[in-house]
Amino acid sequence: MGGREFRCALRWYLGLPVTGRPAGAPCPKCDVPMDVFGDHAVCCPNNGPIRRHRAVQQALYRILQAHGVASQMEVAVAGKEHPADVWLPSWDVAGGTAIDLTIVHPLQLGGDWVHADRVVEAAEQAKRTKYQTLCDDLGILLVPLGMSTWTGYGPAGAAFMKRLLAS
C-alpha cells in the first residue's frame with residue numbers, strides 16, 4: 001500500500017474525514033449524498049461490489065477445493081435462475097447445496113451502525129425469499145451466506161462456516 005492509500009485508510013480507521021468534500025455532496029459514481037467519512041465508498045453500488053463478491057466467492061471455492069470438497073462456481077439451476085455462487089453437488093443432500101453469497105455494508109438497505117447485524121440478516125432473508133421455493137422444489141439445500149464488510153457473518157453464513165470448519 002502506498003503512502004497516499006495508507007493515509008486515507010488510517011484517516012478512515014480513525015474516523016476522520018477522508019473525502020475532502022462537504023457532507024451531502026453527491027457521489028461521483030451514483031449521485032447519492034455522501035458523508036465525509038468515506039462510508040458510502042464502501043457500499044456504493046458503482047464502486048466495485050462485484051469485485052468484492054467475486055473475491056470472496058473465489059476464496060471460498062479455493063478453500064473447498066484445497067480440502068477435497070467437490071465444488072463449482074456460478075451454477076445455474078432451473079434455466080436462468082442462479083442461486084449458486086458456489087455449488088456443492090454432494091456435500092449435504094441428494095440434490096446438492098447452493099451457496100449464495102451476499103456481501104453488505106452496515107449502512108446499506110437503510111441500516112445503521114447500531115443494528116448492523118440486522119442488515120446482514122435482512123440480506124440473507126432476501127436471498128431466501130428469492131430462491132428458497134425453487135431450491136426446495138428441486139431438493140437443493142440453499143445456504144444464503146451473508147457477510148458484512150464490518151460485522152462478520154449473518155446467522156446462516158455463520159452456521160455454514162461453523163459446520164465447514166468442523167468437517
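Hydrogens, waters and symmetry mates play no part in the numbers below; they use all other heavy atoms, side chains included.
- Without hydrogens or angle criteria, Glu121 side chain to Gly154 main chain gives no donor-acceptor distance under 3.5 Å.
- Shown here are the side chain to side chain donor-acceptor pair (under 3.5 Å) partners of Gln65, two or more places apart in sequence or in another chain: Ser71.
- Between Pro89 and Ala70, the shortest heavy-atom distance links the atoms CD-O, 3.4 Å.
- Residues meeting the side chain to side chain contact (heavy atoms under 4.5 Å, CB included) test with Ala126, sequence neighbours left out: none.
- For the atom pair CD1 of Ile99 and CH2 of Trp87, the computed distance is 10.5 Å after rounding to the nearest 0.5 Å.
- Residues satisfying the salt bridge (charged side-chain N to carboxylate O under 4.0 Å, His left out) test with Asp85, not counting sequence neighbours, are none.
- Side-chain atoms of Thr102 and Met147, non-hydrogen and from C-beta on, never get closer than 4.5 Å to each other.
- Of the inter-residue distances, the one linking Leu164 atom CG with Leu88 atom CG reads 8.5 Å to the nearest 0.5 angstrom.
- Residues forming a side chain to side chain donor-acceptor pair (under 3.5 Å) with Gln57 (at least two apart in sequence, or on another chain): Arg54, Glu74.
- In this structure Arg62 satisfies the salt bridge (charged side-chain N to carboxylate O under 4.0 Å, His left out) test with no other residue, sequence neighbours excluded.
- Nearest heavy-atom pair, Ser148 versus Val120, reported as atom, atom and distance to 0.1 Å: CB-CG2, 3.3 Å.
- One finds the CG atom of Leu142 at 9.0 Å from the CG atom of Leu134 (value rounded to the nearest 0.5 Å).
- Within the structure, the salt bridge (Lys or Arg N to Asp or Glu O under 4.0 Å) test picks out the following pairs touching residues 157-167 (sequence neighbours left out): Asp92-Arg163.
- Side-chain contact between Leu60 and Leu145 is present, with heavy atoms from C-beta onward closer than 4.5 Å.
- Put simply, the side chain of Thr97 reaches to within 4.5 Å of the side chain of Val143, judged on heavy atoms.
- Looking at residues two or more places apart in sequence or on another chain, you find no side chain to side chain donor-acceptor pair (under 3.5 Å) involving Asp137.
- Residues passing the side chain to side chain donor-acceptor pair (under 3.5 Å) test with Gln132, sequence neighbours excluded: Asp136.
- By the 4.5 Å heavy-atom criterion applied to side chains, Glu124 and Asp100 are not counted as neighbours.
- Hydrophobic clustering, defined by side-chain heavy atoms of Ile, Leu, Val, Met, Phe, Trp and Tyr closer than 4.5 Å, groups Tyr61 together with Met73.
- Rounding to the nearest 0.5 Å places CG of Leu64 at 12.0 Å from CD of Gln72.
- Evaluation of the ring-ring contact (aromatic ring centres under 6.0 Å, His included) rule for Phe160 yields Trp91 as partners, not counting sequence neighbours.
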